[in-house]
Amino acid sequence: MSQYVLELKGITKIFPGVKALNRVQFQLKPGEVHALMGENGAGKSTFIKVITGVHKAEEGEMFLNGTKVDFKGPRDAQAAGIAAVYQHPTSYPDLTVTENIFMNHEIKKNGLIRWKEMNHEAKKLLDQLDADFKPTAEMGSLSVAQQQMVEIAKALSTQAKIVILDEPTAALTANESEKLYRIVDKLRDDGVSIIFISHRFEDMYRLATRVTVFRDSQYIGTYKVDEITNAELIKQMVGREITDLFPKPDVTVGAEVLKIENFSRTGYYKNVSLHVRAGEIVGLTGLVGAGRTEVVESVCGITKADSGKVYLNGSEIRIKNPTDAKNLGIVLLPEDRQKAGLILEWGLGRNVTLPILRKFVKNGMINENEERSLSKRLLEEVDTKAVTIFDPASSLSGGNQQKVVVAKALAQDNMKVVIMDEPTKGVDVGAKAEIYAIMGELAKQGFAIIMISSEMPEILGMSDRIYVMCNGSVTGELKRDEATQEKILEYAMEKNAKEKRTVNKEGVN
Amino acid sequence: MEKKSVWKKITSSRETSLVIVLLVLVALISIKNPSFLGMQNILEILKNNSVIMIMALGMLCVLLIGGIDISITSSLAFAGMTVGMLFKNGVIHSTLLGFVIAMAIGAVCGLVTGLIIAKGNVTPIIATMGFMYIYRGFAYLVANSQWAGADALGDFKNFALESYLGLGFLNNVLFIVLICYIVFFVILKWTKFGRNIYAVGSNAEAAQISGINVARVKLSVYTMMGFLAGLCGALAVTIYASAQPNMQQGKEMDVIAACVIGGVSMNGGRGSVGGALLGALILSVIAKALPLVGIDALAQNTVKGFIIIVVIVLNVVTQRMMDKSNLERREM
Amino acid sequence: MAGKSGRTIEATPQDVWKKRIFSWEGMLVVLFLFINIFCRCISPNYTVANVLREMPKYLSEIFLLLPMAYILMLGEIDISVGSTVCLAATVACMATNANVPFVGVILITILTGAVCGMVNGFILLKFPELPSMIVTLGTQIVFRGIAEIMLGSGGSVSVTNTAGFRALSGEIGPFPYVFFLVLICGAIFVVLSVKTTFGRSLYAIGSNSRTSFYSGIKVGKIRFLVFTLMGTFAGIAALFLTSELYGANTTTGNGFEMDAIAMAVFGGISTAGGKGKMIGGLISAFIIVCLRIGLGQINMNPQVVLIILGALLICAVLIPNISAGLGLKKRKKI
């Protein structure tokens, strides 16, 4: 009998044109929580999919309790007691919780599904996880955290002995993460072995005993969590040392540029007032769902506020649609850059010039030479890692995609206010520093910057001033020198005690 | 508390509101024209719309997986015409054999369509548009500039007039409709295959990951659709006692419309057998009722199209109102 | 800017002829030549003069192809155009029979089409949640329904005074007017799609409407505009159709929407939106027209012609998919 429940050796996986995994190895001890870390594109997700039989490795061997196994598909892995909770909840929004849990291993009798028993079993599993919703609820009406819980229940329902969690805390609030930690603890105590992928160091320190690092599709090493320092770990992940993650420049803050007064939109935010000055970086933070994104989206004309006023350089403005915002020089870098910031199948150049095409029009036609030279200049200015401006945006990493979005903003030469919504989400450590540098540079050039972020270090490291939102209202404002993690959390949770589960219908249809 | 939520469930359910619409329609019409509610009349309406009602079941499944099939009336014509010509030329005489052949042809048509869509990754609208031409062409080729009339069909045409399958109580055609609805209700509600159909439409990627063979589900659904179209080909021949290559042309839109009125989402994952039935019933009641309430038969299509638009717009409006009231309830 | 590595990014497009020839459009040109040679071989009557004489019969559908290509680029679909043609043709015939001057007839017909397009566009503008497939399914039934009401129990109308329509189907030398008009409109549509901000917006919306909206492109307005354009051209198509048929009935324009979509898809314009070129759609339209003329000349059963067209349509999408799939497998082996 092997000392490992799961062992992989020399796994190589090739996708057309790329080696996604290059002879990597991995060992999982029984009953341990093992963190798997690495930058985006290091091959973690592909590796998980090899374990769960979604992808088939070209080379390498996999052992389960010492016996060699060869999964032909996800079903084999499921049968062998391996279950995965993926990064993007792989749920069926139109179906009930019960169905999501038992999809493809329904309880049947004579070929017919036993709904009563299934609902009953689902209820038991949900109770085990302290879930606060019914098994008959529709999946699409649940919050992300609740959906995650369903996914875990799904893993439990297969009697899995090995559970893989792929970035489970990415979309969770601090409270919800804590709840997840407790669930993971409980699973471990029940003898389940867990592989845990996360970008958050807190997760790793809280849960894992060992950590394995991948970099550039290769295995770097496995370490005991209490024997490796944070800096050392980052170095292993990035491959070099990062000296100054937050290069915040000293900028003399100028006059007030944008001011929002008593902004309200039913169900999203209420009486929000904030302002930002030239050269200032204002952090806007709070738990996910506090209404931060919703406020700035209304400022930019994507949605309409019910009441409230917006002032630009002291005079009141009315923004009815994104075109108005664009013409006034208010630019939003959306959170979901793949779906709202870029056209992935387009070349970088065309992405950059999308909002300002009119500038190149001569005699009714686009002057493409001018267009190309401008996008080339801007893409070089933000130091995009690309070969030509015709490379499709989909071919870039998250960090470089974000740089293209920045270049797209810079193309709008009337820009006064830059609103960055989670600018480093899905961006790996190396590229993060570069994004911060660009942000600092923008502040130096006198732009007014609003940065929405859930990441505490980035809020504390980059902001001149911080607004904290909770449940649709601004609950606190902190200056750079008075801000601490504790204070921010206090404001962010202010109304948390009263917080009720309300179904957020947005995005369901 | 429990009671209230049950009540809420009933009023908020799509099917209930459709039942109400149907009842109101029937009530209005029968006030104006009492003969409408006669047993004979109702059975006649059902029989004349049985083809649409049966195909709505197949279309329901197709829409559930996020697809669409506009080739169905072409395969219907191909199957129906073939059977018609076989009877006409005296090749077959058995009614049962006629049905089997029609269903087999339909199933093969559906299988081919499904293969192109599931294995060849051709978008459903394009693939079925191509097959709409092709199968209709086949129907014309089989017909060879002829058609099969009542005298050529022999015993086959009597099938729709008799009721031996329904043990003398229920017309044969309606009996088949009933069986189809029971079978599909069971499949979609209580079998793994049925739930896999919902899963594929709701999130195909997730379905793939949880080990569902998405391509096979798609293939089966289109084959099933074809099978039903074939069945309807035979039914149409016996109901109208004639087989013509242009039969039921354009009716695929009625089938889709029935599903859409019945609340089946064109994005996949949402819809029910009950909804499809109610949608088909509402459409057929309207078609039958217009002349009864004094609206010129010529205006039938206009009214039908108008109702489709009103229903889908109302859908959006109620959804928006529901979202809004949800938002207003949020505590801040 | 900070952290600059001095990296340069290439910005000159590489104009590779090989790439152009092996593109879908290049293949269509080859196919166009091939089809013409093929038709010449099977039919001794397939001469330039004859082809031009027969062409107007088929050309009216090309008017539908042009804006339909735009609609597909947007990622939308319009299946109501056949009915719009029917309604507009009915209006044209009735207006002529009511002794409206011919210029008036032209205006009323085009306006009828435009209004139909606007109705579609308006519903989609006000209710962006609705897929265009369902909306135009509804209006398809309504538009033809209105024509049915207008046509009355007879179900058809003939033009009594054909002078105006006959003038419309006139010729300059061997070329019919409509041929020039199609070419001019085609050229305008090609240029609009590749050289203007409007064209770029079409592709942007079709590829990712959310990004386009966030980038300040007026998504709703452009969608409304394109659907109105579609209706307007359906009106124009109805005019030329009437000048061929001198009448209209309840089945006029039946299946035109499918033909137009088929031409566009065969030309490489994907129904998923954001892909394909207008020029490809145009070439494919002429391929189909030539094929129809050629096969018509040898008296091929029109149903067989439809079977061939259906098969071509499926193959046009299937073959690239299969070859892409094979290419993937091949590369995997390395």
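Worth saying up front: this structure is predicted, and the values here are computed from it rather than measured. Below, chain A is the first sequence line, B the second, and so on; all start at residue 1.
Atom NZ of B/K88 has more than 12 heavy atoms from other residues, nucleotides or ligands within 6.0 Å. Under a cut-off of 6.0 angstrom, the local environment of CZ in B/R320 is crowded, with over 12 non-hydrogen atoms contributed by other residues, nucleotides or ligands.
With chain B as partner, the option from C/I314, C/V317, C/V304, C/I319 having the largest number of non-hydrogen pairs under 4.5 angstrom is C/I314. Of the listed residues (C/P131, C/C315, C/G152), the greatest number of heavy-atom pairs within a distance under 4.5 Å of chain B belongs to C/G152.
Of the atoms belonging to B/M266, it is side-chain heavy atoms, and not backbone ones, that fall under 4.5 Å from chain C. For C/I123, the part lying near chain B is the side chain, with the backbone staying farther off; criterion is any non-hydrogen pair under 4.5 Å. Residue contact with chain B, scored on non-hydrogen atoms closer than 4.5 Å, involves the side chain of C/I79 exclusively. Contacts of C/I77 with chain B are made by side-chain atoms alone, with heavy-atom separations under 4.5 Å and no backbone atom involved. For chain B, the nearby parts of C/L318 are the backbone and the side chain; heavy atoms of each come within less than 4.5 Å. If you measure heavy-atom distances from C/T250 to chain B, you find no contacts under 4.5 Å at all.
A distance of 10.5 Å separates SG of B/C259 from CD1 of C/I134, quoted to the nearest 0.5 Å. A distance of 10.0 Å separates CG in C/L306 from OG in B/S74, rounded to the nearest 0.5 Å. Note that CG of B/N246 and OG1 of C/T251 are 10.5 Å apart. Values are rounded to the nearest 0.5 Å.
For residues 298-318 of chain B, a heavy-atom distance under 4.5 Å to chain C picks out B/L298, B/A299, B/N301, B/T302, B/K304, B/G305, B/F306, B/I308, B/I309, B/I312, B/V313, B/V316, B/V317, given by residue number. Within residues 119-143 of chain B, the residues that have a heavy atom under 4.5 Å from a heavy atom of chain C are B/G120, B/N121, B/V122, B/T123, B/I125, B/I126, B/A127, B/M129, B/G130, B/F131, B/M132, B/Y133, B/I134, B/R136, B/G137, B/F138, B/Y140, B/L141, listed by number.
Residues C/M258 and B/M253 come closest through the heavy atom pair CE-CE, 4.1 Å.
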